[in-house]
Amino acid sequence: MQNNEIAKIFWEIAELLELKEENRFKIHAYQNAARNIENLPHHLDEIYKKQGLKGLKELEGVGESIAHKIEEYIKHKKVKKHQDLLKEFPKGFLALINIPGMGPKTAMKLHKELKINSMDDLERAIKKGFLKDLPGFKEKKQENIKKGIELKKRSHGRFLISDADELAQTLTLQLANLKEIKKLTVAGSLRRREETIGDIDILVISERPKAVMDYFTKLAQVKRILAKGETKSSVILNNDMQADLRVLKPDEFGSALHYFTGNKQHNIKIRELAIKKGLKVSEYGLFKKDKKIAGRTEEELFEALGLNYIPPELRAGEDELEIAKDKKIPRLIELFDIKGDLQMHSKHSDGKNPIEEMAEYAKKLGYLYIAITDHSKSQRIAHGQTEREILKAFKEIDKINARIKGLKVLKGVEVDILPDGYLDFKDEILKECDVVLAAVHSVFKMPQDKMTKRIIKAMQNRYVNILAHPTGRLINEREPYNVNVEEMLKAAADTGTFMEINAHPKRLDLKDTHIKMAKEMGILFAINTDSHATFSLENMKFGVSMARRGWIEKKDVINTLTINKLMKKLYQKR
DNA sequence: GCCGTTTTCGGCCCGACTGTTTTCAGTCG
């Protein structure tokens with residue numbers, strides 16, 4: 001978690017500099033560095049160990065000064081500039097500018113005029129009505145700050161993509177009822193298929209924006225209106241998620257969708273590119289002087305800028321513009337490329353449905369095969385199977401295969417990787433399987449070198465095909481275990497082990513940056529739902545979008561193959 | 001503070017909404 005610790009320090013330096021009204025470009029530089037560090041696939045101390053300061057300076061947004069501060073943190077666990085800045089303000093003061101609607105200017109004014117130094121001070125001052133005596137702080141502003149504090153206290157961070165997806169669907173279904181709306185689409189982080197979602201962005205095409213805004217802000221799910229204007233409204237929904245609606249005209253659709261999809265860094269880079277070409281981009285279109293030259297569709301916009309179409313999942317503000325300029329954006333994998341699902345559980349361990357029901361459901365999805373991969377014996381909580389039980393289950397699979405046409409059920413197991421790196425089943429059992437997934441399910445807290453060795457040892461087993469949920473994280477619940485991902489991936493490449501992209505919305509493991517790194521090493525993937533019930537087989541879409549964010553093509557994924565080619569791949573390690 | 005296929009100095013994305021200061025600053029995305 002070291003990268004995030006350093007990023008947090010740079011975010012705070014930026015905030016502190018904002019309070020001091022420092023040069024805004026300097027502030028921007030710290031924010032930019034923080035953002036880039038958060039998205040790094042490698043640990044900063046590993047980069048530093050291998051390549052020193054020079055390696056740090058090669059990172060985007062990191063120059064002389066910030067590289068030294070990273071070095072300082074690695075050596076001393078703190079950064080002097082950060083400590084000095086913190087000393088200039090009372091403890092707990094930074095919390096104030098993180099209240100929605102409050103920025104550095106407001107916070108500083110309250111600090112200077114009313115000696116408000118913390119969240120507690122602020123709440124007390126509001127209760128006593130002190131704010132009202134201040135110029136520029138009338139009734140409404142005070143009310144907004146109060147609501148901002150409440151929201152801040154209740155909010156539990158970002159939402160799972162599956163939850164946001166469902167909510168967005170109910171909103172758009174209702175909006176679609178309004179006849180004034182010509183076209184309607186979800187944009188923002190949900191369209192980019194980020195692993196978690198902060199708010200829901202909806203773009204509407206209509207000639208009558210006022211009617212749309214009235215309807216939107218009165219929806220049953222709306223708890224509070226943050227802003228309501230001619231073209232843009234923001235609301236807080238009942239579950240405390242924010243939703244933004246933007247209304248534009250038909251000939252602005254492409255540029256508006258692009259602008260509203262982001263991310264922010266990507267948009268900035270697009271605008272910078274436009275400037276270099278003597279053009280200007282905004283949500284209203286691409287302009288040469290005052291003449292509009294593109295904007296009706298996203299495709300038109302990219303083409304006018306001399307770029308390949310960049311799919312939303314790749315719009316990260318990293319190297320996608322350069323690659324699009326060289327016309328090298330690949331055709332990314334699609335949901336319909338998936339021919340089967342190679343991790344799921346049945347009643348034989350902790351699943352809800354019998355094998356046959358899983359198979360029938362998969363057949364309805366159009367799959368050619370599935371693998372039943374129930375847990376091994378040491379997973380007591382998950383009713384892991386003994387050797388006898390799994391062999392019995394395989395006989396049941398033979399019978400099902402004889403009955404069902406058009407879908408093959410593979411005999412599999414999700415075998416536990418024990419703390420010493422040995423597996424929970426002996427090779428005699430594993431060799432009876434068509435597919436073997438290995439996974440860590442216990443003793444998560446291990447020093448990095450031990451955990452890395454443990455996993456690598458498991459992958460060296462000739463029967464292990466796939467490393468399941470390779471980093472073990474549970475989004476919003478559990479950190480990944482401490483494993484050196486780069487070494488782990490190198491071992492996967494050496495042993496011919498496939499990496500899982502686990503499609504469960506809480507896992508999404510590997511994540512995008514690690515997927516990209518693994519692909520560069522030539523590793524192949526299996527995108528699996530890890531289903532414990534029939535309906536969860538539908539989660540495949542979340543795995544596919546995570547794969548797309550990692551630049552994955554159909555050829556990189558083994559469960560896009562036909563059954564014969566897949567079997568060949570699965571047996572080539574033995 | 002970062003960055004460079006016109007630059008090692010002089011730039012650094014663009015626009016909406018709110019509240020209140022009657023002309024705009026602050027905040028947000």
Side-chain angles (χ1 to χ4, degrees), chain A residues 10 13-15 17-19 21-36 56-70 81 96-110 131-132 134-145 147-148 187-189 192 198-203 209 213 217 225-236 242-248 252 255-256 258-287 317 321-322 325-326:
Chain A
F10 291 145
I13 289 180
E15 284 175 342
L17 293 177
E18 261 190 307
L19 289 172
E21 296 185 51
E22 267 270 10
N23 178 319
R24 65 194 176 96
F25 298 111
K26 189 191 278 194
I27 294 164
H28 180 251
Y30 277 107
Q31 292 168 335
N32 195 27
R35 202 176 297 113
N36 286 328
L56 296 177
K57 272 188 270 183
E58 277 169 20
L59 300 172
E60 208 174 312
V62 176
E64 193 69 36
S65 163
I66 289 184
H68 275 101
K69 290 187 177 68
I70 296 172
K81 173 155 181 145
L96 291 180
I97 60 174
N98 288 316
I99 297 170
M102 274 253 283
K105 296 279 163 59
T106 313
M108 278 315 278
K109 196 164 179 185
L110 292 173
L131 263 56
K132 263 181 271 185
L134 224 57
F137 285 79
K138 293 205 167 153
E139 201 77 32
K140 265 200 158 164
K141 185 147 186 166
Q142 179 165 306
E143 193 56 28
N144 279 340
I145 292 175
K147 283 181 175 162
S189 56
R192 299 195 309 274
D199 54 20
I200 294 175
D201 300 307
I202 299 171
L203 177 67
M213 292 310 183
T217 51
I225 301 169
L226 290 173
K228 185 183 168 194
E230 275 290 298
T231 70
K232 189 178 152 185
S233 289
S234 292
V235 299
I236 299 288
Q242 185 174 325
D244 298 337
L245 184 83
R246 190 79 194 254
V247 182
L248 287 122
E252 298 162 345
S255 45
H258 176 265
Y259 155 78
F260 217 25
T261 296
N263 70 6
K264 193 174 168 178
Q265 282 307 109
H266 170 89
N267 284 357
I268 289 173
K269 288 196 171 179
I270 285 279
R271 286 168 188 164
E272 283 170 351
L273 176 68
I275 291 170
K276 269 188 205 153
K277 290 176 180 281
L279 307 169
K280 190 185 83 167
V281 175
S282 76
E283 55 262 56
Y284 300 109
L286 176 66
F287 297 89
L321 259 64
E322 285 72 31
K325 220 180 285 176
D326 296 339

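All heavy atoms count here, side chains included; hydrogens, waters and symmetry mates do not. Chain A is the first sequence line, chain B the second, and so forth, proteins listed ahead of strands; every chain is numbered from 1. Keep in mind that what you see is a predicted model, and the values were worked out from it rather than measured.
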Exercise. If you look at every strand shown and take non-hydrogen atoms under 4.0 Å, does Arg246(A) touch a base, only sugar-phosphate, or nothing?
Worked result: sugar-phosphate
For this session: Please work out if Tyr30(A) contacts a base, only the sugar-phosphate, or nothing of the nucleic acid, heavy-atom cut-off 4.0 Å.
Result: sugar-phosphate
Exercise. Counting any heavy atom closer than 4.0 Å, what does Gln31(A) reach on the DNA or RNA strands: base, sugar-phosphate only, or nothing?
Worked result: nothing
Problem set entry | Integer angstrom distance from the C1' of dT22(B) to that of dT18(B) | 15 Å
Exercise. Taking only N and O in the side chain of Lys105(A), is any of them less than 4.0 Å away from OP1 or OP2 of dG26(B)?
Worked result: yes
Exercise. CG/Leu248(A) to OG1/Thr231(A) distance, rounded to the nearest 0.5 angstrom?
Worked result: 6.5 Å
For this session: To the nearest Å, give me how far apart NZ (Lys276(A)) and P (dT5(B)) are.
Result: 6 Å
Exercise. What is the distance from CG of Asn144(A) to P of dT20(B), rounded to the nearest Å?
Worked result: 9 Å
For this session: Report the nucleotide, chosen from dG1(B), dT21(B), dG15(B), that has the shortest atom-to-atom distance to any side-chain atom of Lys138(A).
Result: dT21(B)
For this session: Kindly indicate whether the side chain of Glu15(A), heavy atoms from C-beta on, has any atom under 4.5 Å from the side chain of Tyr30(A).
Result: no
Exercise. Once you round to the nearest 0.5 Å, how far does NZ of Lys57(A) lie from CD1 of Ile70(A)?
Worked result: 11.5 Å
Problem set entry | Phosphate OP1/OP2 of dC28(B) contacted by Gln242(A) side-chain N/O (<4.0 Å) | no
For this session: Please state the P separation for the pair dG26(B) and dT21(B) - nearest whole angstrom.
Result: 13 Å
For this session: Looking only at side-chain atoms of Thr231(A), point me to the closest of dT21(B), dG1(B), dA16(B).
Result: dA16(B)
Exercise. When all nucleic acid strands are considered with a 4.0 Å heavy-atom cut-off, which category describes Lys280(A): base, sugar-phosphate, or nothing?
Worked result: sugar-phosphate
Exercise. Mind checking the C1' distance from dC14(B) to dC9(B)? Whole angstroms is fine.
Worked result: 25 Å
Exercise. Could you walk me through whether Asn144(A) and Met102(A) pass the side-chain contact (heavy atoms from CB on, under 4.5 Å) check?
Worked result: CA-CA 9 Å; Asn144(A) 279 340; Met102(A) 274 253 283; over 6 Å; no
Seminar exercise, completed: The reported gap from CZ in Arg246(A) to CE in Met213(A) (rounded to nearest 0.5 angstrom) is 8.0 Å
Seminar exercise, completed: 5'-most contact on DNA chain B (nearest-nucleotide basis), Ser65(A) vs Tyr259(A), goes to Ser65(A)
For this session: Please state the C1' separation for the pair dC13(B) and dC28(B) - nearest whole angstrom.
Result: 15 Å
Exercise. Base, sugar-phosphate, or nothing for Lys81(A), non-hydrogen atoms under 4.0 angstrom?
Worked result: sugar-phosphate
Exercise. Can you tell me if Asp201(A) uses its side chain to pair, donor with acceptor, with the backbone of Ala187(A) under 3.5 Å?
Worked result: no
For this session: Can you tell me, in whole Å, how much space there is between the C1' of dA25(B) and that of dT20(B)?
Result: 10 Å
Exercise. Of all the choices, dG1(B), dC17(B), dG15(B), which nucleotide is nearest to the side chain of Glu230(A) once you look at every atom?
Worked result: dC17(B)
Exercise. Rounded to whole angstrom units, what separation is found between the CD1 atom of Ile275(A) and the P atom of dG4(B)?
Worked result: 16 Å
For this session: Return the value, rounded to whole Å, for the distance between atom CD of Gln265(A) and atom C1' of dC3(B).
Result: 14 Å
Problem set entry | Note: Glu60(A)-Lys269(A) ion pair, threshold 4.0 Å (strictly below) | yes
Exercise. How would you label the contact of Pro104(A) with the nucleic acid (heavy atoms, under 4.0 Å): base, sugar-phosphate, or nothing?
Worked result: sugar-phosphate
Problem set entry | Integer angstrom distance from the C1' of dC12(B) to that of dT7(B) | 13 Å
Problem set entry | Proximal nucleotide (of dT27(B), dG1(B), dG15(B)) relative to the Lys232(A) side chain | dG15(B)
Exercise. Which whole number of Å gives the distance between the C1' atom of dC3(B) and that of dT8(B)?
Worked result: 9 Å
Exercise. When the distance from CD1 of Ile268(A) to C1' of dC12(B) is rounded to whole Å, what number comes out?
Worked result: 10 Å
Seminar exercise, completed: Rounded to whole Å, NE2 of His258(A) lies from C1' of dC13(B) at a distance of 12 Å
Problem set entry | Pair partner, dT8(B) [Watson-Crick or wobble, under 3.5 Å] | none
Exercise. What does Thr106(A) touch in the nucleic acid at a heavy-atom separation under 4.0 angstrom: a base, only the sugar-phosphate, or nothing?
Worked result: sugar-phosphate
For this session: Find the distance His68(A):NE2 to dC2(B):C1' and express it as a whole number of Å.
Result: 15 Å
Exercise. Taking atom C1' in both dC17(B) and dT23(B), what distance in whole Å separates the two?
Worked result: 16 Å
